[in-house]
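Note that ligands are numbered from 1 as they come in the structure, with each ligand's atoms numbered from 1 the same way.
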Amino acid sequence: MAIERTFSIIKPDAVAKNHIGAIYNRFESAGLKIIASKMVHLSKEQAEGFYAEHSERPFFGALVEFMTSGPIMVQVLEGENAVLANREIMGATNPAEAARGTLRADYANSIDENAVHGSDALTSAEREIAYFFSAEELCPRTR
Ligand code: YYY
Ligand code: MG
């Protein structure tokens with residue numbers, strides 16, 4: 001088992017519904033440690049850059065509009081197999097298909113407003129963490 005870091009977003013829908021604390025509780029209860037965190041309101045350019053891999057998809061415009069519709073929480077989670085662990089906590093992209101007890105089953109309404117983002121691989125985690133945080137902003141736990 002490897003200690004990994006992954007990147008997470010609480011999206012505008014879940015922030016607007018006051019679910020930040022409940023979602024942080026899920027991360028911590030699962031043994032993932034929050035080692036960096038901040039609230040940001042993305043510009044159109046920031047959202048387009050973050051989701052560049054989806055720029056040719058039909059939902060891209062709606063995704064950027066949604067992600068800029070209100071503030072988000074961005075955080076770095078650290079722990080055993082953090083990338084996969086966070087994806088399991090999140091549940092499937094479409095909340096209608098998300099397993100019971102996952103964040104998307106409990107807090108998301110639709111595939112386009114689905115409460116949370118999580119990196120899908122270690123390489124994307126590194127890129128996504130660097131997109132929002134400088135090295136100095138990451139606070140590894142020493143106790
Ligand atoms: O990684 P994950 O968020 O679970 O899904 P992706 O396939 O990477 O898509 C990113 C994002 O795009 C998804 O969370 C919602 C949105 N989206 C959509 O609105 N409609 C789709 N059919 C697929 C994805
Ligand atoms: Mg993805």
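The protein atom (non-hydrogen) at minimum distance from atom 8 (O) of ligand 1 is His54 NE2, 3.1 Å. Regarding atom 3 (O) of ligand 1, its nearest protein heavy-atom neighbour is Arg104 NH2, 3.0 Å. Remark: minimum distance from atom 24 (C) of ligand 1 to any protein heavy atom is reached at Phe59 CZ, 3.4 Å.
For atom 2 (P) of ligand 1, the nearest non-hydrogen atom from the set Asp120, Thr93, Asn114 comes from Thr93. When Ile111, Asp112, Val64 are ranked by how near their heavy atoms come to atom 15 (C) of ligand 1, first place goes to Ile111.
Ligand 1 does not have Glu113 within reach: every non-hydrogen atom of the residue lies 4.0 Å or more from it. The closest approach between a heavy atom of Arg87 and any atom of ligand 1 is below 4.0 Å.
Among the atoms of Arg57, none of the N or O lies under 3.5 angstrom from an N or O of ligand 1. Residue His117 places no N or O, backbone or side chain, under 3.5 Å from any N or O of ligand 1.
Interface atoms of ligand 1 facing Lys11, defined by a heavy-atom separation under 4.0 Å, are 14 (O).
Contacts between Met67 and ligand 1 below 4.0 angstrom, taking non-hydrogen atoms only, are absent altogether.
Aromatic ring centres of Phe66 and Tyr51 lie farther apart than the 6.0 Å criterion allows.
A continuous path of Ile, Leu, Val, Met, Phe, Trp and Tyr side chains, each step under 4.5 Å between heavy atoms, connects Ile72 with Val76, placing both in one hydrophobic cluster. Follow the hydrophobic side-chain contacts under 4.5 Å out from Ile89 and you reach Val15 in the same cluster.
More than 12 heavy atoms of other residues, nucleotides or ligands sit less than 6.0 Å from atom CD of Glu137. Environment of CZ in Arg141: crowded, with over 12 heavy atoms of neighbouring residues, nucleotides or ligands closer than 6.0 Å.
Looking at Leu77 and Ile34, their side chains come closer than 4.5 Å, going by heavy atoms from C-beta outward.
The aromatic rings of His117 and Phe7 are tilted relative to each other, their planes meeting at an angle between 30° and 60°.
A cation-pi arrangement is found for Lys38 relative to Phe133, the charged atom lying closer than 6.0 Å to the ring centre and inside a 45° cone about the ring normal.
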